[in-house]
Protein chains: 2
Amino acid sequence: MKGSRLTIVDAARRHIYHNGYGSTSYADIAHETGLGKGNIQYHFKAKEDLLHAAVDQQIQDIREQLESWSLDCGTAYDCIERFIAMVEKNAKNLSLHGCPMGSLNSELGKHERRLQDHARAMFDLYLRWLEARFRSFLPRKQAQARAEQLMVMAQGASVLAHAYEESQIVRRQAKIMRQWLHDVCDQS
Amino acid sequence: MKGSRLTIVDAARRHIYHNGYGSTSYADIAHETGLGKGNIQYHFKAKEDLLHAAVDQQIQDIREQLESWSLDCGTAYDCIERFIAMVEKNAKNLSLHGCPMGSLNSELGKHERRLQDHARAMFDLYLRWLEARFRSFLPRKQAQARAEQLMVMAQGASVLAHAYEESQIVRRQAKIMRQWLHDVCDQS
DNA sequence: GTCTATATACCGATAGAC
DNA sequence: GTCTATCGGTATATAGAC
């Protein structure tokens, strides 16, 4: 049995991912958790607090994910391919709801720049981790550029797949990313 | 002196692009145009009508843009590079507000799938136009894949540039797109 | 066509009973 | 901790005066 607070944050993450932050209300979370609206507001006085908690938990998940990849994978190449495999594995959700990281940043970037500063930290985690892997076989500046390029491909695939509600777009782009990664390694 | 209706649609396009559809109200458009709220609602009974009109006008703009590119540019290669040049030229706006086409589709895809069906038509226009240019030197299936890949890069660059409010990301990716286009032509 | 006024609903936030 | 009740603000939408 987990505490109310964690239940609320889980529901908030899901609802924000599926409907966006602006279309997420206390009433929605109350309905989804079965708790009263006042209870949600006892734990999170302001709506912004709810978002910060949801982002914090997601950041924690990403940290653990990247750590486990670093341990599991042998070479830097395998690590980066693991990232691509993650994108491909989530093809269905990406086509249905977009990327949880990208779509949240897009929404908050429009008119909640202060909150977006926090959401951007998710991008930082992935980018710095990818850059560190690329640095095993590339100079610093090139490693940075390659990490950025891979993230651009992943985000672009998510946007297009979501627009067309077509998970095959993600799978096609994952294949292209693998070929690209292979070529990048060859050239080094 | 242009009519009220056109004034309203222009303001709606700008406001929706800068703030998102969900955060655009009749009062916002009234304030931005100097017209009364009731006047806006006389021309557009439902808020959805306002979005449809804004999207329709943007579709018209895209059509004219693509037509003029087709006339101006000599080779198919030049046409495609013109698309890349457009992305690069808009780097500043993309970093400040995201891509008008991508961010609108992302928002509507979350909880307004019906309206998103209309917004997706903008993607269709660019993708079909790009595919037609690639077909000058590639078979149908490959041309389709290349058009999709280029759009993925453009959208990904927009998302990342918007998240970091950093227009240089778009410029770096435009350079990569040009190199990619060059390689694609070479291989054919 | 343009405006004011109003109906109705939902939101975030707060106060207080249990 | 959990809930109900309520306030103030704002949204879409409608009715009607000019």
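Keep in mind that this is a model prediction, so the values were computed, not measured. Per chain, numbering begins at 1; letters A, B, ... match sequence-line order.
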Is any side-chain nitrogen or oxygen of [X] closer than 4.0 Å to OP1 or OP2 of [N]?
X: Tyr42(B); N: dG1(C); value: yes
X: Asn39(A); N: dC3(D); value: yes
X: Ser4(A); N: dG1(D); value: no
X: Tyr26(A); N: dA13(C); value: yes

How is Thr24(A) classified with respect to the nucleic acid when contacts are heavy atoms under 4.0 Å: base, sugar-phosphate, or nothing? sugar-phosphate
Checking dT2(D), dT2(C), dA13(D) against the side chain of His43(A) (C-beta onward), the nearest is dT2(D)
Nearest-nucleotide pick for Ser25(B), side chain only, options being dT12(D), dT6(D), dC3(C): dT12(D)
By nearest heavy atom, map Gly38(A) and Ala27(A) onto DNA chain C; which one lands nearer the 5' end? Ala27(A)
Separation of [X] atom [atom1] from [N] atom [atom2], in whole Å?
X: Leu6(A); N: dG1(D); atom1: CG; atom2: P; value: 14 Å
X: Tyr21(B); N: dA11(D); atom1: OH; atom2: P; value: 14 Å
X: His31(B); N: dA11(D); atom1: NE2; atom2: C1'; value: 17 Å
X: Ile40(A); N: dC3(D); atom1: CD1; atom2: P; value: 8 Å
X: Ile29(A); N: dT2(D); atom1: CD1; atom2: C1'; value: 17 Å
X: Lys47(A); N: dC11(C); atom1: NZ; atom2: P; value: 9 Å
X: Lys37(B); N: dA7(C); atom1: NZ; atom2: P; value: 14 Å
X: Leu50(A); N: dA13(C); atom1: CG; atom2: P; value: 10 Å

Using a strict 4.0 Å threshold on nitrogen-to-oxygen distance, state whether Asp117(A) and Arg114(A) make a salt bridge. no
Does a side chain donor of either Ser103(B) or Lys110(A) reach within less than 3.5 Å of an acceptor in the other side chain? yes
Residue pair Phe44(A) / Ile29(A), side-chain heavy-atom distance below 4.5 Å: no
What verdict does the side-chain contact (heavy atoms from CB on, under 4.5 Å) test give for Gln65(B) and Phe83(B), after you've listed the backbone C-alpha separation in whole Å, the side-chain angles of each residue and the deciding distance to 0.1 Å? CA-CA 10 Å; Gln65(B) 184 187 46; Phe83(B) 172 84; over 6 Å; no
Look at atom NE2 of His52(A) and say whether more than 12 heavy atoms of other residues, nucleotides or ligands are closer to it than 6.0 Å. yes
